[in-house]
Amino acid sequence: MPRTPAQGIGFLIGFWLAFALSPLMVKTAASGEPANLASLEAELFARVNRVRSEHHLIPLERRSDLDRVAQAHSDDMALRDYFSHHSPEGDNPVDRLQRAGIGDMHLAAENLGKTTQSNPSAEIVESWLRSPDHRGNLLAPALNFTGIGIARGSDGSLIYTQVYILVPR
């Protein structure tokens with residue numbers, strides 16, 4: 001224990017340096033990744049709801065349990081270097097939702113995207129709108145809840161997963 005104010009200050013500086021230079025903090029601070037991905041998720045959510053509003057559809061509500069399902073799939077694709085609605089074991093979006101205990105859904109859909117563009121969320125939404133299947137999911141009138149997860153692939157690309165479900169009210 002420090003016995004003088006100078007020792008106390010030295011202790012606090014040493015503690016702060018040890019914390020700041022820990023591997024976890026260096027990775028987060030150097031890449032800015034967690035904060036950056038969270039802002040990209042928020043931007044995607046806003047863009048999707050803006051498009052839905054332009055088509056006179058109800059806004060989607062974001063749910064944290066759905067975010068976890070979407071994030072897990074994006075993380076898995078990034079970690080194991082694949083890009084598909086089906087995992088290498090054959091699990092599909094409904095399988096993942098059910099395994100996560102999402103039992104209140106009556107309908108489910110999923111959109112995936114991968115990009116290296118400088119405005120990634122805008123590029124992803126624009127590409128989804130050009131794809132009939134992705135557009136259909138994004139603009140499905142009945143869907144009312146969503147979850148979003150983004151991961152960075154080993155090649156530096158951003159891998160987006162957005163899940164959608166219908167829960168009757």
Side-chain angles (χ1 to χ4, degrees), residues 23-25 27-28 31-53 55 57-117 120-169:
L24 177 64
M25 293 307 293
K27 180 180 176 190
T28 301
S31 66
E33 199 74 339
N36 185 41
L37 295 181
S39 67
L40 290 175
E41 291 169 2
E43 181 184 350
L44 181 82
F45 179 64
R47 285 179 180 279
V48 165
N49 273 335
R50 192 172 321 121
V51 170
R52 287 179 63 85
S53 175
H55 288 84
L57 299 171
I58 62 168
L60 298 170
E61 293 179 44
R62 200 163 168 194
R63 284 182 24 181
S64 60
D65 56 346
L66 298 176
D67 282 346
R68 285 189 295 276
V69 171
Q71 187 64 57
H73 189 52
S74 287
D75 289 343
D76 188 49
M77 289 187 291
L79 179 67
R80 299 199 292 164
D81 198 27
Y82 71 95
F83 185 73
S84 174
H85 293 287
H86 294 85
S87 72
E89 295 76 27
D91 289 341
N92 63 41
V94 173
D95 296 329
R96 289 189 291 277
L97 289 162
Q98 289 175 336
R99 191 172 44 255
I102 313 293
D104 53 349
M105 65 181 170
H106 285 218
L107 184 66
E110 179 181 76
N111 280 354
L112 302 178
K114 189 172 182 179
T115 184
T116 58
Q117 299 300 310
S121 294
E123 194 264 335
I124 292 293
V125 171
E126 289 167 15
S127 70
W128 286 347
L129 290 171
R130 288 190 302 269
S131 161
D133 289 339
H134 292 98
R135 181 184 182 89
N137 291 342
L138 195 150
L139 297 176
L143 298 173
N144 53 3
F145 291 97
T146 192
I148 300 166
I150 304 172
R152 186 166 300 278
S154 60
D155 62 355
S157 64
L158 292 170
I159 302 168
Y160 282 65
T161 301
Q162 184 170 21
V163 294
Y164 311 86
I165 65 170
L166 163 64
V167 177
R169 297 188 191 243

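As the structure is a prediction and not an experimental result, all values here were calculated from the model. Computed over heavy atoms, backbone and side chain alike; hydrogens, waters and symmetry mates excluded.
Residues Asp95 and Asp91 share a closest heavy-atom pair of OD2-CA, 3.4 Å. The nearest pair of heavy atoms linking Arg52 to Ile58 is NE-O, 2.9 Å. Of all the heavy atoms in His134 and Leu112, the pair that sits closest is NE2-O, 3.8 Å. Across all non-hydrogen atoms, the minimal contact from Glu41 to Gly149 is OE2-CA, 3.7 Å. When all heavy atoms are compared, the tightest approach of Ser74 to Ile159 is OG-O, 3.2 Å. Considering all non-hydrogen atoms of both residues, Leu143 and Ala109 come closest at CD1-CB, 4.3 Å.
Under the 4.5 Å side-chain criterion, counting only non-hydrogen atoms from C-beta, Gln71 is not in contact with Thr161. In this structure the side chain of Ile124 never reaches within 4.5 angstrom of the side chain of Arg47, judged on heavy atoms. Counting only heavy atoms from C-beta outward, the side chains of Leu97 and Leu66 approach each other to under 4.5 Å. A heavy-atom distance below 4.5 Å is found between the side chains of Leu138 and Tyr164. Side-chain contact between Val125 and Leu129 is present, with heavy atoms from C-beta onward closer than 4.5 Å. Using a 4.5 Å heavy-atom threshold, the side chains of Asp155 and Lys114 count as touching. Contact of the Glu43 side chain with the Leu40 side chain is registered, since non-hydrogen atoms from C-beta on lie closer than 4.5 Å. Counting heavy atoms from C-beta outward, Arg130 and Ser127 have side chains that approach closer than 4.5 Å.
Atom-to-atom distance recorded for Leu37:CG and Leu44:CG is 12.0 Å, nearest 0.5 angstrom. Distance check, rounded to the nearest 0.5 Å: CZ of Arg135 to NE2 of His55 gives 4.5 Å. Rounding to the nearest 0.5 angstrom, the gap separating the OG atom in Ser53 from the CG atom in Leu60 is 11.5 Å. With rounding to the nearest 0.5 angstrom, the CD1 atom of Ile150 is 5.0 Å from the OG atom of Ser121.
Using cut-offs of 30° and 60° for the angle between ring planes, the Tyr160 and Trp128 rings count as perpendicular.
Checked by atom type and distance alone, the side chain of His73 never pairs as donor or acceptor with a backbone atom of His86 at under 3.5 Å. Of the possible donor and acceptor atoms, none in the side chain of Asp75 sits under 3.5 Å from a partner among the backbone N and O of Ala151.
Screening Thr146, Asn137, Asp67, Asn111 for a side-chain hydrogen bond (donor to acceptor under 3.5 Å, both in side chains) with Gln162, the sole residue that qualifies is Thr146.
Residues forming a side-chain contact (heavy atoms from CB on, under 4.5 Å) with Ala46 (at least two apart in sequence, or on another chain): Arg50. Residues passing the side-chain contact (heavy atoms from CB on, under 4.5 Å) test with Pro93, sequence neighbours excluded: His85, Arg96, Glu110.
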From CA spacing to verdict: side chain to side chain contact (heavy atoms under 4.5 Å, CB included), Ile165, Arg63: CA-CA 10 Å; Ile165 65 170; Arg63 284 182 24 181; 3.9 Å; yes
Residues Asp76, Tyr82; criterion side-chain hydrogen bond (donor to acceptor under 3.5 Å, both in side chains); working and verdict: CA-CA 8 Å; Asp76 188 49; Tyr82 71 95; 2.5 Å; yes
Worked verdict on Arg169 versus Glu61 for salt bridge (charged side-chain N to carboxylate O under 4.0 Å, His left out): CA-CA 13 Å; Arg169 297 188 191 243; Glu61 293 179 44; 2.6 Å; yes
